[in-house]
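Residue numbering restarts at 1 for every chain, and letters A, B, ... go by the order of the sequence lines. Given the structure is predicted, the values throughout are model-derived calculations rather than measurements.
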Amino acid sequence: MTKLQSLRGMIDLLPSQVERWQKVEAFARDHFRRANLGEIRTPLLEHTELFARGIGEATEVVGKEMYSFFDRGNRSCTLRPEGTASVVRSVIQNGLLSQGSQRLWYMGPMFRYERPQAGRQRQFHQIGVEFFGLSSEISDAELISIAWDFLNELGLRDLKLEINSLGTTDDRKKYQESLVSWLENFSELLDEHVLEQIKKNPLRILDSKKPNIQELLNEAPKLVDFLSNQSRNRFLNLQVILNSLGIPFTINTKLVRGLDYYCHTAFEITSSQLGAQATVCGGGRYDGLVEQLGGPKTPAIGWAIGLERLLILLGEDAFEKQFPEVYIVNKGPKAELESLTLARDLRASNFFVEIDYSGSAFSKQFKRANRSNASWAVVIGDEELKQEEIRLKRLKGKTKDPNEYLVKRSDFNQIIERLRS
RNA sequence: GCGGGCGUCGCCAAGUGGUUAAGGCAGCGGCUUGUGGCGCCGCUAUUCGGGGGUUCGAAUCCCCUCGCUCGCCCCA
């Protein structure tokens with residue numbers, strides 16, 4: 001292990017991959033602009049306390065997945081494990097909440113110290129949307145529709161939207177007590193992990209993947225039955241709205257999500273093509289969080305999409321590589337210099353240009369020109385230099401007879417005209 | 001943090017104790033000193049993730065370690 005390599009779970013994105021990312025990113029920007037969302041960029045590093053208070057001390061994310069350290073001023077700092085807490089902090093700190101409702105989006109890397117597996121890295125990327133100051137079901141529906149439409153317009157299919165209501169804190173507390181006392185009747189059937197969860201975060205037991213637990217839960221008290229009339233009506237109304245929008249969904253009464261701040265609406269968009277980490281988008285309402293972090297009482301709701309997972313779903317062949325239009329073949333130092341000069345002129349006119357600096361035989365350079373998939377080769381050699389000309393050779397789409405032109409270097413307009421023909 | 005699988009050239013790989021570690025792709029050079037996509041020829045791992053051990057002898061067996069991968073957990 002003497003070779004230097006990237007940290008575990010932190011991967012390089014090489015040019016061919018970055019091209020795919022940029023397309024998704026550009027698509028996201030456009031999509032969110034049409035929804036009139038504002039982009040927010042917050043620091044990657046925050047006080048540890050923000051996440052401890054915001055996400056919840058008892059959650060796995062805070063308990064054992066954070067990248068935390070003390071800086072030189074002895075402050076406890078943490079690389080953000082998710083986006084919401086930072087956005088809430090920023091929105092409070094910058095006084096945005098006194099300017100009416102806020103509809104924001106963000107995009108960037110997040111960090112969680114976990115064992116990497118399919119669709120899960122230690123540095124991963126999320127796109128997220130957060131609404132502040134909107135409390136109605138219709139705003140829930142708009143927020144969900146933005147995620148749903150985004151994924152569908154990107155061409156993803158076979159997505160499944162699941163929704164649930166977590167009710168209010170009171171609703172949940174009552175349910176939690178009932179669930180725990182019910183489960184305690186079966187404590188001999190429960191493993192150590194579940195017993196631990198009962199103490200720390202009982203709702204999480206609901207989305208356990210263990211078949212025997214799920215079987216048991218089918219008989220257990222249901223969260224829906226503990227919702228207040230108001231909470232229940234809210235949930236029903238959301239369903240009515242989603243139906244009239246034509247957004248298909250299923251109700252999953254066991255969908256609880258891992259972070260403490262959620263209430264009322266919780267939802268996930270999953271794909272069966274992702275392996276064990278099937279969630280591509282997750283979110284929910286968090287009406288108490290802004291106040292909990294020291295801001296004015298403000299209803300809020302948001303979601304986040306995992307970009308790595310999204311890219312897995314899009315597949316490799318959905319993207320076409322970008323090729324240079326012009327490949328400059330040359331020989332000798334003077335010709336190289338002339339090539340660079342020409343390349344700058346062409347680039348200023350929006351051409352994609354690559355120069356061959358190998359100095360190898362023209363036959364070799366032409367092979368590379370073809371492999372680069374350029375539409376044109378420009379040849380600059382001794383003869384061309386002497387005549388102050390350049391030679392344009394059409395490499396792709398030969399149809400008309402002259403596929404080769406000699407053009408005066410000074411006649412830039414004609415060069416461009418030929419290259420565009 | 002726990003479990004399964006795996007680590008041979010930039011990539012894909014053959015090789016499971018015995019003299020020089022196949023092959024393919026890519027790369028570079030040549031056939032063809034100035035003109036391409038094909039073809040042919042040649043070159044590219046003193047070394048098998050790293051360290052230690054067993055053995056006359058190890059990529060091949062054993063131990064440790066690092067990494068990758070799939071799952072648990074968790075989540076996007």
- prompt: When rounded to the nearest Å, what value does the distance between P atoms of B:G7 and B:G50 take?
  reply: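 After rounding to an integer number of Å, I get 13 Å for this pair.
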query: Using the C1' atom in both, what is the distance from B:A22 to B:A14, to the nearest Å?
result: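 One C1' to the other, the span is 6 Å.
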Nearest whole angstrom, please: distance from the [atom2] of [N] to the [atom1] of [X].
X      : N     : atom1 : atom2 : result
A:D12  : B:C11 : CG    : C1'   : 16 Å
A:F366 : B:G30 : CZ    : C1'   : 19 Å
A:K254 : B:C75 : NZ    : P     : 17 Å
A:R204 : B:C75 : CZ    : C1'   : 8 Å
A:E383 : B:U33 : CD    : P     : 15 Å

query: Looking at A:R120, does any N or O in its side chain come under 4.0 Å of the phosphate oxygens OP1/OP2 on B:C73?
result: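 Checking A:R120 against B:C73: no side-chain N or O falls below 4.0 Å of OP1 or OP2.
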- request: Report yes if at least one side-chain N or O of A:Q197 is closer than 4.0 Å to OP1 or OP2 of B:C74; otherwise report no.
  value: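 Answer yes for this pair, as a side-chain N or O of A:Q197 is under 4.0 Å from OP1 or OP2.
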- prompt: Considering heavy-atom distances to RNA chain B, does A:G9 or A:Q121 have its closest nucleotide positioned more toward the 5' end?
  reply: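 Nearest nucleotide further toward 5': that of A:G9.
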query: Taking for each residue the nucleotide of RNA chain B with the nearest heavy atom, is it A:E308 or A:F362 whose nucleotide lies nearer the 5' end?
result: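 Per heavy-atom nearest nucleotide, the more 5' residue is A:F362.
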Under-3.5 Å donor-acceptor pair between [X] side chain and [N] base:
X      : N     : result
A:R309 : B:C75 : yes
A:E114 : B:C75 : no
A:R394 : B:G36 : no

Cationic N near anionic O, under 4.0 Å, A:E388 to A:K408: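 Salt bridge between A:E388 and A:K408, a charged N being under 4.0 Å from a carboxylate O: no.
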